[in-house]
Amino acid sequence: MTRLAPVSDSAKTAPQSTVATSPVSAPATAPATAPATGLPSGGTPRLLVVDGHSMAFRAFYALPPENFATDTGQHTNAVHGFTSMLLTMIRQQKPTHVVVAFDLDTPTFRSLEYTEYKGGRNKTPEEFYGQIDLIIKVMAAMKIPTISVDGFEADDIIATLSTQGEAAGWDVLVVSGDRDAFQLITEKVLVLYPKKGISDIPPMDAAAVEEKYLVPPNRYSDLAALVGESADNLPGVPGVGPKTAAKWLKLYGDLDGILENVDSIGGKVGESLRAHVEDVKRNRHLNHLLRDMDLPVALEQTLLQSPDREAVEELFDALQFNTLRKRLFDLFGEEEPEDAGEAHEVPEHQLLTEAGQLTTWLKAAPGPVAVDVLSEKAGLAHEAVAVALVRADSAVVVELSTADEALENTLATWLAADAPKVVHEYKEALKALSVRGLALAGVIDDTSLSGYLIQPDRRSYELAELSQVHLKVSFEAAKEESGQLDLGLEGEKKFTDAVQRGYVALLLSEHFAPMLVERGAEGLLRELELPLAAILAEMELTGIDVSQERLATLLADFTAAMNAAQEAAFAAIGHEVNLGSPKQLQEVLFEELGLPKTKKIKTGYTTDAASLKMLLEKTGHEFLAQLMAHREASKLKQMVETLKKSVGQDGRIHTTYAQNVAATGRLSSNNPNLQNIPIRTEEGRRVRDIFVVSEGYECLLAADYSQIEMRIMAHLSGDAGLIEAYAQGEDLHRYVGSHVFGVAPEEVTSAMRSKVKAMSYGLAYGLTSFGLSKQLEISVDEARTLVKDYFDRFGGVRDYLRGVVEQARIDGYTSTIEGRRRYLPDLASTDRQLRELAERVALNSPIQGSAADIIKEAMLGVDKALTEQGLKSRMLLQVHDELILEIWPGELDTVKALVTEQMGAAAQLQVPLEVQVGIGASWNDAGH
DNA sequence: CAGAAAACGTA
DNA sequence: CGTACGTTTTCTGT
């Protein structure tokens with residue numbers, strides 16, 4: 001039995017089976033560790049001792065000081081690098097205790113005894129000044145103790161700490177760029193020694209030291225005494241290097257042994273040794289580290305704690321460390337789950353060979369069965385290779401390649417039957433099975449969809465993540481989603497992983513069931529999203545035909561246009577520049593050409609299209625015109641190139657729809673994205689000519705909703721004026737314009753109409769007067785007046801918009817007409833930016849989301865009608881408010897009527913849903 | 001080498 | 001200082 005560990009155990013932070021994330025990747029295996037933020041959870045305490053100065057210097061030389069400075073001119077590269085290194089170290093090594101030791105500027109017993117000690121070093125660079133103090137401040141804010149002792153070096157403090165730690169039975173990690181630290185290595189003490197920079201820090205253990213220096217760690221100082229240490233200005237015996245020194249040490253045991261036998265060592269090196277015995281003794285004396293100092297900090301006081309948030313905020317503000325601040329809080333921010341889930345026993349599985357076994361298993365007990373489909377890449381799609389069936393107490397696996405006909409038939413029949421099934425990522429399972437000629441029906445839950453309906457704004461709905469978040473259970477099999485990355489996996493492991501995934505999906509599904517009911521999302525899952533997944537699977541597998549010739553022509557045209565524009569742009573300024581680099585463009589535009597400054601962005605001033613257009617109007621500079629031409633051409637060229645690359649062996653493009661990415665309920669399209677094919681410009685529209693009707697079909701049909709979002713606004717607001725306008729089939733914007741501007745409809749100028757249009761749509765996005773003024777290039781006052789006039793005439797809209805936010809604040813969520821929810825906790829945020837964003841989201845989500853629900857509903861209707869009427873025409877694409885179909889010869893009129901009917905009937909609103917239909921041999925021709 | 005930022009295409 | 005996306009390139013920070 002495999003145990004799924006509750007999250008609060010070590011399993012949460014350490015998937016110990018994977019090398020990359022285990023605390024020490026080499027060479028010693030680390031014991032189980034405690035989470036970075038908490039107390040040791042029964043494991044051995046783990047002490048991280050850092051040599052502050054040596055790491056600060058490493059950081060200083062690893063990062064260019066000119067890139068790290070505050071506005072006040074204080075350099076921070078060493079502070080930044082040091083803090084970054086420490087965070088990485090804490091994340092990777094997961095110490096329970098941390099302490100940093102520093103040297104002081106004052107003389108030490110070593111320099112007093114030997115004045116040249118550490119002499120000959122270069123002067124500390126100016127930029128380093130003050131950075132040690134800053135590091136100490138950072139440590140204070142992180143509540144990490146720092147130790148320095150007058151008259152002693154950090155090395156002695158470190159030696160003492162590691163000795164104390166080892167005596168207490170702890171594991172100790174010493175981070176130091178000083179080789180003297182090697183003498184501290186034991187079974188319990190490892191040294192992390194930075195090779196170069198601060199990120200490449202391999203752990204050194206006894207074996208690693210022996211390999212490198214040919215002596216065990218406890219002889220390292222003997223060896224160093226003989227060889228010398230240039231960093232400390234300690235000359236060794238001339239002619240003696242590590243090899244000779246190691247040979248002697250082996251021969252005589254230790255340094256004392258060698259010194260007792262100096263006279264018996266022959267050769268030139270023997271002579272050299274005899275001449276430098278005093279140096280060696282001095283070296284050995286000086287490199288001996290004190291292990292019994294009295295330290296001002298007890299071992300227990302180095303316990304790693306949560307940082308002082310306020311102090312960190314203040315300090316990092318001053319240091320202008322924003323990415324580090326995030327990393328720090330990410331590292332310490334994750335809160336321990338109060339209640340961990342229970343441990344679960346994943347059932348063992350049986351690999352079936354005979355149909356009878358499957359029949360028996362399927363009969364055994366009621367309740368849903370989880371289905372996990374293992375697939376392998378086969379050409380352009382994934383093909384199912386095995387199917388795992390999982391119940392709470394038992395599991396079976398059918399391997400398709402080895403199953404005999406009877407077994408496969410039994411499986412196929414059951415998969416295609418109504419027997420209740422639970423899956424994770426239904427659409428992918430459908431596709432993989434379909435490629436193998438298998439159907440899948442009776443699916444009552446897809447946890448990637450139910451998870452989405454419950455919480456639609458998550459980044460990911462991977463099984464492992466849902467399991468962590470909802471069940472507080474972590475497990476390892478999740479990564480190989482549906483076995484797609486399984487190349488190196490042994491067959492047996494693949495199967496146990498599949499069973500684990502199925503088991504977790506089953507648990508999640510049970511967990512989600514009451515949540516779906518509570519949120520009223522059951523219907524959306526069963527009657528909308530699940531059936532839609534099957535349609536999308538078909539559409540993805542079908543793909544859309546493209547014309548290779550047009551693709552090639554277009555690519556050549558755009559490339560030529562791009563190159564021409566580039567040449568002309570270079571000519572206009574007399575030199576070359578990377579037109580794709582906003583940074584370089586800024587230099588040319590604002591420094592070289594001295595053009596007026598545009599809108600400020602994080603990295604300077606924007607060079608976006610709107611600003612370039614403005615600059616061109618102001619200055620008429622040729623470079624700007626060519627740059628804009630280049631931008632357009634290169635964008636299109638790139639897009640065509642990407643499309644070309646994504647054409648499958650069947651000559652078609654197969655996009656993938658994501659059903660759980662857009663928080664509003666929309667689909668998204670990727671690989672390639674077919675929902676952002678250009679349409680606005682003449683040149684861009686040519687890209688749509690690439691998409692053509694397939695051989696044997698009559699034409700493409702494009703059907704889109706006319707102004708669906710405005711109609712939803714009219715419906716939701718119940719505004720009498722808007723409803724009246726739509727009821728009469730008037731030009732909405734003209735109608736609104738005539739009321740807002742108080743003129744007759746036929747007197748509405750195109751300028752008035754476009755203003756009104758911009759505002760109408762803007763309102764659905766939470767547009768402000770400021771934003772409107774910018775877009776229409778009018779004053780804020782004018783914009784404000786426009787909004788007021790609008791609302792005076794269409795008060796229903798104003799009341800609705802106001803009410804949406806109010807209601808959302810009360811409920812904590814917004815709803816679409818179909819009841820799809822979006823939770824908006826930020827409405828209560830004290831951060832004004834966040835709160836106002838949440839308010840705009842609250843305004844938009846019901847509108848965008850309702851439109852998404854409606855077209856999804858329409859897709860079900862269209863699919864059903866096509867099937868019921870036995871038509872061969874098929875749906876190919878969805879672009880938010882538009883459906884692209886491919887028409888079988890002779891079916892045009894039927895399908896045209898059916899699509900119009902189904903799209904129009906997808907929702908009963910207070911206003912009609914108008915559908916426009918176009919046909920043509922290409923997507924462009926089908927547009928209107 | 002991964003991730004952020006900037007830019008830009010769609011509804 | 002309008003929403004929702006995906007993709008590309010360049011640059012930055014490891």
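Naming: A, B, ... by sequence-line order, numbering from 1 per chain.
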Between A:Thr83 and the options A:Val138, A:Thr76, A:Leu134, the side chain to side chain contact (heavy atoms under 4.5 Å, CB included) test singles out A:Val138
Inset, instruction - Select base, sugar-phosphate, or nothing to describe what A:Gly762 touches, counting heavy atoms under 4.0 Å on all strands. - result: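 Base, at least one base heavy atom under 4.0 Å.
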Sugar-phosphate only, base, or nothing, as touched by A:Leu585 at under 4.0 Å among non-hydrogen atoms: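 Since no nucleic acid heavy atom lies under 4.0 Å of A:Leu585, the category is nothing.
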Taken in chain and number order and not counting sequence neighbours, the residues that satisfy side-chain contact (heavy atoms from CB on, under 4.5 Å) with A:Ser815 are A:Tyr813, A:Arg821
Applying side-chain contact (heavy atoms from CB on, under 4.5 Å) to A:Arg327 and not counting sequence neighbours gives A:Ser84, A:Leu87, A:Thr88, A:Leu324
Look at the side-chain N and O atoms of [X] and state whether any lies under 4.0 Å from the OP1 or OP2 oxygen of [N].
X	N	answer
A:Ser669	C:dG6	no
A:Ser581	C:dC11	yes
A:Arg840	C:dT3	yes
A:Gln638	C:dT9	yes
A:Thr768	C:dG2	yes

With sequence neighbours left out, the residues meeting ring-ring contact (aromatic ring centres under 6.0 Å, His included) with A:Tyr765 are none
key: By ring-ring contact (aromatic ring centres under 6.0 Å, His included) - contacts of A:Phe316 (at least two apart)   =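 A:Phe321.
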Expected string for nucleotides 5-11 of chain B under the B/S/- scheme (protein heavy atoms, under 4.0 Å, primed atoms plus P, OP1, OP2 as sugar-phosphate) is SSSBBBB
(request) If a pair satisfies ring pair (Phe, Tyr, Trp, His ring centres under 6.0 Å) and one of its residues is in residues 667-691 of chain A, list it, with sequence neighbours excluded. (result)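 Non-adjacent pairs meeting ring pair (Phe, Tyr, Trp, His ring centres under 6.0 Å): A:Phe691-A:Trp923.
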